[in-house]
Novice: 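First the structure, which I've put down as structure tokens, then a few questions once you've had a look.
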Protein chains: 8
Amino acid sequence: MTTTGTPLVAIVMGSTSDEEAMSGCGQLLERLGIPFEQRVMSAHRTPDKVADFMRTAKDRGLEVIVAGAGGAAALPGVCAAYTPLPVLGVPLTSSPLGGVDALHSIVQMPPGVPVACMSVGSWGARNAAVFAAEILALKYPVIADALERYREEQRNR
Amino acid sequence: MTTTGTPLVAIVMGSTSDEEAMSGCGQLLERLGIPFEQRVMSAHRTPDKVADFMRTAKDRGLEVIVAGAGGAAALPGVCAAYTPLPVLGVPLTSSPLGGVDALHSIVQMPPGVPVACMSVGSWGARNAAVFAAEILALKYPVIADALERYREEQRNR
Amino acid sequence: MTTTGTPLVAIVMGSTSDEEAMSGCGQLLERLGIPFEQRVMSAHRTPDKVADFMRTAKDRGLEVIVAGAGGAAALPGVCAAYTPLPVLGVPLTSSPLGGVDALHSIVQMPPGVPVACMSVGSWGARNAAVFAAEILALKYPVIADALERYREEQRNR
Amino acid sequence: MTTTGTPLVAIVMGSTSDEEAMSGCGQLLERLGIPFEQRVMSAHRTPDKVADFMRTAKDRGLEVIVAGAGGAAALPGVCAAYTPLPVLGVPLTSSPLGGVDALHSIVQMPPGVPVACMSVGSWGARNAAVFAAEILALKYPVIADALERYREEQRNR
Amino acid sequence: MTTTGTPLVAIVMGSTSDEEAMSGCGQLLERLGIPFEQRVMSAHRTPDKVADFMRTAKDRGLEVIVAGAGGAAALPGVCAAYTPLPVLGVPLTSSPLGGVDALHSIVQMPPGVPVACMSVGSWGARNAAVFAAEILALKYPVIADALERYREEQRNR
Amino acid sequence: MTTTGTPLVAIVMGSTSDEEAMSGCGQLLERLGIPFEQRVMSAHRTPDKVADFMRTAKDRGLEVIVAGAGGAAALPGVCAAYTPLPVLGVPLTSSPLGGVDALHSIVQMPPGVPVACMSVGSWGARNAAVFAAEILALKYPVIADALERYREEQRNR
Amino acid sequence: MTTTGTPLVAIVMGSTSDEEAMSGCGQLLERLGIPFEQRVMSAHRTPDKVADFMRTAKDRGLEVIVAGAGGAAALPGVCAAYTPLPVLGVPLTSSPLGGVDALHSIVQMPPGVPVACMSVGSWGARNAAVFAAEILALKYPVIADALERYREEQRNR
Amino acid sequence: MTTTGTPLVAIVMGSTSDEEAMSGCGQLLERLGIPFEQRVMSAHRTPDKVADFMRTAKDRGLEVIVAGAGGAAALPGVCAAYTPLPVLGVPLTSSPLGGVDALHSIVQMPPGVPVACMSVGSWGARNAAVFAAEILALKYPVIADALERYREEQRNR
């Protein structure tokens with residue numbers, strides 16, 4: 001399995017203006033050797049694009065969804081509504097309320113439809129990559145190895 | 001036009017457990033002589049039901065949507081994603097964070113896809129009915145009259 | 001109906017220092033072909049000006065009021081007290097508390113006198129224009145068409 | 001001067017449902033021998049009543065206004081807009097957000113139109129009476145004496 | 001694989017007083033046919049117990065950790081420090097600050113050591129079970145089937 | 001009475017670093033022709049200085065105290081503990097929490113010992129001057145006149 | 001040294017109504033064999049009592065001060081202003097804002113005059129006793145032993 | 001005893017990026033003549049390093065631990081889990097939520113395992129040094145003298 005193989009992770013975000021805040025996620029997935037794809041799609045502006053992408057995500061081989069959004073951050077929850085795959089949500093700080101709004105919008109999912117909320121902002125973008133690796137490591141030994149090396153580096157830096 | 005005619009307003013909410021908190025909305029619409037329908041549908045558990053209802057809402061004669069939800073209250077925003085009709089959102093207090101989460105999830109909509117956020121809880125449910133009447137009064141003189149009587153009563157109570 | 005015709009929307013704000021934060025509202029109304037007027041008036045410094053403007057707003061042909069304010073943002077609610085027209089409130093970030101104060105002051109209207117609260121800051125200023133268009137589109141087909149084009153552009157950008 | 005003389009203080013509140021929360025104010029003014037009157041008037045439902053009362057307040061001999069309100073608590077600020085008398089605001093806990101909304105709506109007045117914000121809830125209602133006494137004590141020796149006795153009792157209880 | 005087989009999920013919590021708040025997690029895992037074990041261990045009172053349990057968790061066959069805690073809720077993060085398994089954190093409402101403290105303590109993990117934060121309180125306890133199932137479903141078809149039935153029931157209730 | 005006469009108002013603040021934030025208060029008092037003095041004294045570092053100043057404030061002819069402080073802003077409350085004069089508190093934004101801490105520390109005074117809390121930051125510093133003028137205007141016609149002119153200018157700017 | 005010897009710890013609180021919230025502190029000090037005294041004194045109502053008590057606290061043999069207060073909780077900071085002894089502050093939940101106000105008022109002390117803030121409410125009252133024991137254990141072996149036994153019990157319960 | 005003797009205080013922090021925020025602590029300890037050591041160790045990345053350091057801290061002669069951390073700031077609480085020495089926690093502002101997250105993570109310790117929380121940010125770093133001195137002054141007269149001189153300077157600056 002290589003980074004350029006069939007994507008196991010999809011990184012989606014509500015706006016092209018979120019790409020910088022989310023950039024750490026793709027960089028870390030690449031470093032961990034996990035193939036991924038990245039898309040801009042909005043739960044509010046392009047809901048059908050989200051629904052279509054998520055409905056077929058599992059069948060196309062994706063195993064984890066990472067969704068970043070700011071403000072009334074509905075994207076992660078809407079992804080979770082359309083796919084049984086684990087969805088990791090990253091609250092971004094793009095609105096004037098500075099991320100507490102996105103945090104509430106992502107973490108407070110109703111019973112039955114979970115989203116795994118990461119830290120606010122760039123910390124969370126990177127942690128979504130690590131958490132995706134932790135999930136995939138249960139199944140893919142090569143990812144388990146890459147994750148172990150990453151954790152070791154964290155300890156030694 | 002009577003309350004039992006073709007609905008002009010749809011009241012939707014995420015769960016049957018929200019019916020009590022939202023009850024003031026229907027009661028006040030009835031008092032104002034505005035025909036409405038009420039449905040339970042969840043942006044997270046039954047997203048297709050929301051999408052289908054909202055896509056056809058305008059053509060079925062609906063003119064205003066009222067959506068109440070608690071926690072990561074995506075419902076109002078998702079309604080707004082699928083219909084050009086004005087959507088009024090009511091943040092409910094059903095989660096342990098007591099409504100501030102629903103407030104953030106409803107009010108902080110990204111540019112281009114507005115939701116009109118009402119007060120938190122039962123105040124907001126009633127105000128959604130009044131605000132719907134204010135919108136409809138621009139077009140229906142009978143509603144304008146009913147609204148004026150209601151405002152007069154408010155002044156005199 | 002042209003942008004330079006009788007105003008359908010009035011944009012009011014508490015201070016000339018709010019003009020930049022609110023500028024997106026007028027720009028978007030213009031783009032949507034909706035005639036509007038813009039005024040500075042304060043619920044606290046010039047309450048009679050607000051009362052006079054709002055009492056006669058409906059008779060002068062206005063159909064929607066947009067009111068932006070920061071801090072103890074009383075302006076939208078006071079507008080709503082004097083006119084049966086729908087009032088859209090935009091919480092601004094001008095105070096040291098950064099907008100959460102204006103959000104509370106605008107959204108938490110008591111039962112009977114609603115204000116439709118938009119997002120905090122410039123997102124909300126633009127959304128007030130879109131929401132005004134959604135209201136007016138119920139009555140004016142040309143605005144419904146302009147709104148549909150705008151929504152289509154949003155989907156494709 | 002007796003408690004039953006021309007009122008020096010007016011206690012106003014937005015709703016009869018606020019009377020219990022505000023009751024400590026009148027009780028304490030009575031104990032301090034300060035004549036007062038109490039009225040229900042709403043900045044949102046009966047704005048003209050507020051404007052009329054406040055415009056003539058000074059000429060009728062009133063010297064201090066106490067205004068209690070919950071939620072988007074515009075009443076104290078609107079009182080201050082219409083009278084040069086000192087206005088004391090008491091944020092009440094009547095909304096689901098529990099008083100933080102009223103606190104923001106009352107305390108964050110723009111430069112030029114102050115309101116003196118007291119503590120949230122019944123603590124604030126009582127403190128408004130004491131603060132009114134502190135203001136009036138500058139002018140009325142009998143109130144200064146009553147205030148001094150009250151402060152002495154506070155120290156000894 | 002049966003619910004009484006080798007545990008795939010460990011539910012840990014800081015205090016026996018958290019058992020009721022967390023009870024929905026075990027109940028839902030049982031319903032989904034996922035074998036689990038449940039333990040009380042505190043990051044603050046019994047840190048060695050946490051460290052020992054987490055260091056060996058993977059080798060004993062566990063694949064997902066669910067950790068619930070209130071107040072300065074360090075438990076989920078400390079679990080994540082000692083195991084490469086995915087850790088799901090549930091912020092509980094046991095402290096006087098009502099859960100916002102636990103939310104901050106769980107969600108704001110530093111880059112490199114993620115915790116997947118669920119909703120506050122009993123919603124989150126149940127969602128941790130569903131999210132664990134989503135992770136395990138990637139590997140165990142029987143869990144994927146159970147999860148699909150659960151999601152179907154959610155849609156129809 | 002001139003600005004250079006016996007001070008009627010004392011402006012106190014906890015630190016020399018607060019002087020800029022509080023500068024609008026003295027400037028506005030000067031413009032309103034109200035004589036004042038300004039001192040740096042800390043409830044935490046120099047409590048005896050505060051106690052001595054406040055105990056004798058009334059006898060020295062002072063009639064209103066303005067106290068500005070940030071963080072755990074005890075100064076206004078401690079002033080109020082030592083003098084029966086009205087104390088106006090200005091919450092400053094000097095701490096990393098940005099003023100919400102000072103707001104809580106100043107406004108939430110226990111029953112019996114009020115502080116009149118102004119807006120956060122420079123808005124509040126200026127409003128303390130206006131509110132002091134409102135109090136003094138009850139007794140000094142010349143200040144009432146200056147205040148009326150100031151309010152008129154506010155209306156016309 | 002016995003619990004009935006010269007007090008090493010003073011527990012002070014602003015009001016008799018705080019005694020129940022603070023009761024866990026004295027109970028735990030007693031269990032740890034640490035002699036203490038308990039007093040009601042208010043930074044706002046009886047500031048001289050606080051100043052006198054704290055100025056002489058060290059010379060009377062006290063070594064640690066525990067101060068509990070709610071709302072604008074100035075008491076711990078004022079204690080710290082008058083004594084070089086370590087002051088532990090316990091934010092109580094007595095005000096309508098539920099403890100976040102007391103937390104801000106106690107923890108955000110300016111540089112130079114620290115207060116050690118404990119958890120909000122009864123958790124904090126008990127922790128103040130344990131923290132006092134941790135301080136005294138540095139000097140008194142018998143307290144170090146009692147503390148070690150307490151910690152051992154915590155681990156085994 | 002000199003600053004270069006056996007350390008009495010250990011300053012620990014979660015990341016080298018926290019060194020600047022914490023720098024005031026070491027500087028002030030040096031000025032007070034208190035020998036200390038400073039280490040970077042993370043409760044999340046290097047938990048064994050924390051456990052080992054804290055388990056032996058008392059036997060190596062340390063008497064006070066100062067721990068600074070941002071975000072989900074588990075470090076102070078984890079230190080307290082492994083040592084009976086008093087632990088002072090400093091909430092840092094390194095995360096996008098600006099310190100309120102670290103404040104909650106540090107101050108809300110469960111009963112039985114206290115951490116003494118200082119102010120947020122650089123104020124708290126300096127106050128941790130002063131509070132450490134207050135603790136040590138109970139035992140070391142030379143530190144009591146240095147502390148008294150420091151407090152005197154504070155009064156006179």
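Letters go in sequence order (proteins before strands), and every chain restarts at 1.
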Novice: Quick one: OG on G:Ser94 to CD on F:Gln108, what's the gap to the nearest 0.5 Å?
Specialist: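 With rounding to 0.5 Å, OG (G:Ser94) is 9.5 Å from CD (F:Gln108).
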Novice: Side-chain contact test, heavy atoms from C-beta onward, threshold under 4.5 Å: evaluate it for G:His44 versus F:Val115 and give yes or no.
Specialist: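 Contact flag for G:His44/F:Val115 side chains = no.
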Novice: Check each atom of G:Val100 against the heavy atoms of chain F and say whether the ones under 4.5 Å are side chain, backbone, both or neither.
Specialist: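 The answer is both parts of G:Val100.
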Novice: Can you tell me how far OG of F:Ser95 sits from NE2 of G:His104, rounded to the nearest 0.5 angstrom?
Specialist: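 Answer for the NE2-OG pair, G:His104 versus F:Ser95, is 8.5 Å.
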Novice: Only pairs of heavy atoms separated by less than 4.5 Å count here; which of G:Gly77, G:Gly14, G:Ala43, G:Ala80 has the most with chain F?
Specialist: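 Most heavy-atom pairs under 4.5 Å with chain F: G:Gly77.
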Novice: Under 6.0 Å from the CD atom of G:Glu153, do we count more than 12 heavy atoms belonging to anything else shown?
Specialist: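 Yes - once you tally the heavy atoms of other residues, nucleotides and ligands closer than 6.0 Å, there are more than 12.
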Novice: Distance check, rounded to the nearest 0.5 Å: G:Asp101 atom CG versus F:Ile106 atom CD1?
Specialist: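 Interatomic distance, G:Asp101 CG to F:Ile106 CD1, rounded to 0.5 Å: 13.0 Å.
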Novice: Using non-hydrogen atoms and a 4.5 Å limit, figure out which bit of F:Pro76 sits close to chain G: side chain, backbone, both or neither.
Specialist: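 No part of F:Pro76 comes within 4.5 Å of chain G.
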Novice: Does NZ belonging to G:Lys139 count more than 12 external heavy atoms closer than 6.0 Å?
Specialist: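 Yes, NZ of G:Lys139 has more than 12 neighbouring heavy atoms, counting only those of other groups under 6.0 Å.
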Novice: Is the count of non-hydrogen atoms from other residues, nucleotides or ligands lying under 6.0 Å from G:Glu19 atom CD greater than 12?
Specialist: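 Enclosed.
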Novice: Between G:Pro96, G:Ala72, G:Ala73, who has the most heavy-atom pairs with chain F when the cutoff is under 4.5 Å?
Specialist: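 That would be G:Ala72.
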Novice: Tell me which of these, F:Ser42, F:Gly71, F:Pro110, F:Pro47, has more heavy-atom pairs under 4.5 Å with chain G than the rest.
Specialist: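 Max contact count across the listed options: F:Pro47.
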Novice: Pick one of side chain, backbone, both or neither for G:Leu97, based on which atoms fall under 4.5 Å of a heavy atom in chain F.
Specialist: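 Contact with chain F is through both the backbone and side chain of G:Leu97.
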